[in-house]
Amino acid sequence: MTQYFREDLKKRLENPEFKKQYDELDVEFKIIRAVIDARKAMKLTQKELSERSGIDLGDISRIERGIANPTIKVLMKLASGMGMDLQLNFVPKTK
């Protein structure tokens with residue numbers, strides 16, 4: 001992140017409505033980061049993951065850019081394409 005982006009985000013987060021909407025996206029951000037991190041750990045390109053998982057390359061790109069919300073089924077296919085299992089946990093809220 002650039003310094004300008006961080007400063008702007010910090011200022012915007014002072015707005016309660018903006019912060020609420022931003023916090024609601026936290027799970028989506030974590031899913032995106034998990035997909036990207038797992039793919040990179042496997043040293044796979046998006047194209048290679050597409051070939052291994054059967055998920056369209058454009059769909060993988062949209063998921064990683066945060067403009068598509070993958071279903072559990074798609075996440076399972078991505079995990080399988082990386083030789084992994086998908087794990088889902090319910091945990092108590094911290095707030």
Side-chain angles (χ1 to χ4, degrees):
M1 279 189 248
T2 66
Q3 182 65 27
Y4 173 77
F5 176 81
R6 277 179 263 176
E7 290 172 6
D8 185 57
L9 178 60
K10 183 178 177 182
K11 184 176 179 179
R12 289 174 184 255
L13 288 171
E14 292 173 4
N15 177 317
E17 184 59 32
F18 180 88
K19 181 167 179 10
K20 179 181 178 230
Q21 291 177 3
Y22 182 84
D23 289 345
E24 288 173 356
L25 295 173
D26 185 56
V27 172
E28 291 178 38
F29 292 148
K30 286 177 181 176
I31 290 169
I32 293 166
R33 184 84 262 151
V35 170
I36 294 169
D37 290 348
R39 179 179 59 77
K40 287 184 175 183
M42 297 295 299
K43 296 181 170 49
L44 295 173
T45 64
Q46 288 181 347
K47 183 178 181 192
E48 291 168 328
L49 180 55
S50 172
E51 292 166 355
R52 288 175 168 220
S53 66
I55 302 297
D56 183 77
L57 174 60
D59 290 338
I60 292 172
S61 175
R62 284 186 283 281
I63 290 165
E64 290 191 4
R65 288 184 287 138
I67 58 175
N69 291 320
T71 63
I72 298 295
K73 185 175 181 178
V74 167
L75 291 173
M76 289 173 60
K77 285 183 176 183
L78 290 172
S80 180
M82 293 183 278
M84 299 179 176
D85 288 321
L86 177 65
Q87 186 176 44
L88 177 69
N89 296 305
F90 288 89
V91 295
K93 289 186 178 186
T94 57
K95 294 181 186 180

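Everything numeric in this text was worked out from a predicted model, so none of it was measured.
In this structure, CD in Gln46 is found 11.0 Å from CG in Asp56, a value given to the nearest 0.5 Å. From Ile31, atom CD1 reaches atom CD1 of Ile36 across 12.0 Å, with rounding to the nearest 0.5 Å. Separating the CE atom in Met82 from the NZ atom in Lys77 is a distance of 14.0 Å, to the nearest 0.5 Å. Of the inter-residue distances, the one linking Asp85 atom CG with Met76 atom CE reads 8.5 Å to the nearest 0.5 angstrom. With rounding to the nearest 0.5 Å, the separation of NZ in Lys47 from CG in Leu57 is 8.0 Å. Here CZ of Phe18 is found 9.5 Å from CG of Asp23. Values are rounded to the nearest 0.5 Å.
In this structure, the side chains of Pro70 and Val35 stay at 4.5 Å or more apart for every pair of heavy atoms. Considering only heavy atoms from C-beta on, Thr71 comes within 4.5 Å of Val74 through its side chain.
Across all their heavy atoms, Ile60 and Ser53 have their closest contact at CD1-OG, 4.2 Å.
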message = I'd like to know whether Glu48 forms a side-chain contact (heavy atoms from CB on, under 4.5 Å) with Met42, so could you lay out the CA-CA distance, the side-chain angles of the two residues, the decisive distance to 0.1 Å, and finally the verdict.
response = CA-CA 10 Å; Glu48 291 168 328; Met42 297 295 299; over 6 Å; no
ask   = Would Gln21 and Leu25 satisfy side-chain contact (heavy atoms from CB on, under 4.5 Å), going step by step from the backbone distance to the final call?
value = CA-CA 7 Å; Gln21 291 177 3; Leu25 295 173; over 6 Å; no
task = Decide side-chain contact (heavy atoms from CB on, under 4.5 Å) for Ile55 and Leu49; before the verdict, give the C-alpha distance in whole Å, the side-chain angles of both, and the deciding distance to 0.1 Å.
result = CA-CA 8 Å; Ile55 302 297; Leu49 180 55; over 6 Å; no
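Few gaps surround CG on Asp37; more than 12 heavy atoms of other groups in view lie less than 6.0 Å from it.
Taking the charged nitrogens against the carboxylate oxygens, Arg62 and Asp59 do have a contact shorter than 4.0 Å, which makes a salt bridge.
Under the 3.5 Å distance criterion, the side-chain polar atoms of Asn89 are left unmatched by any main-chain donor or acceptor of Val91.
Under the 4.5 Å side-chain contact rule for hydrophobic residues, Leu13 and Phe29 share a cluster. Under the 4.5 Å side-chain heavy-atom criterion for grouping Ile, Leu, Val, Met, Phe, Trp and Tyr, Leu78 is connected to Val27 within one hydrophobic cluster.
Residue Phe90 is found in a hydrophobic cluster whose other members, listed by chain and number, are Leu88; membership requires side-chain heavy atoms under 4.5 Å apart, directly or through intermediates.
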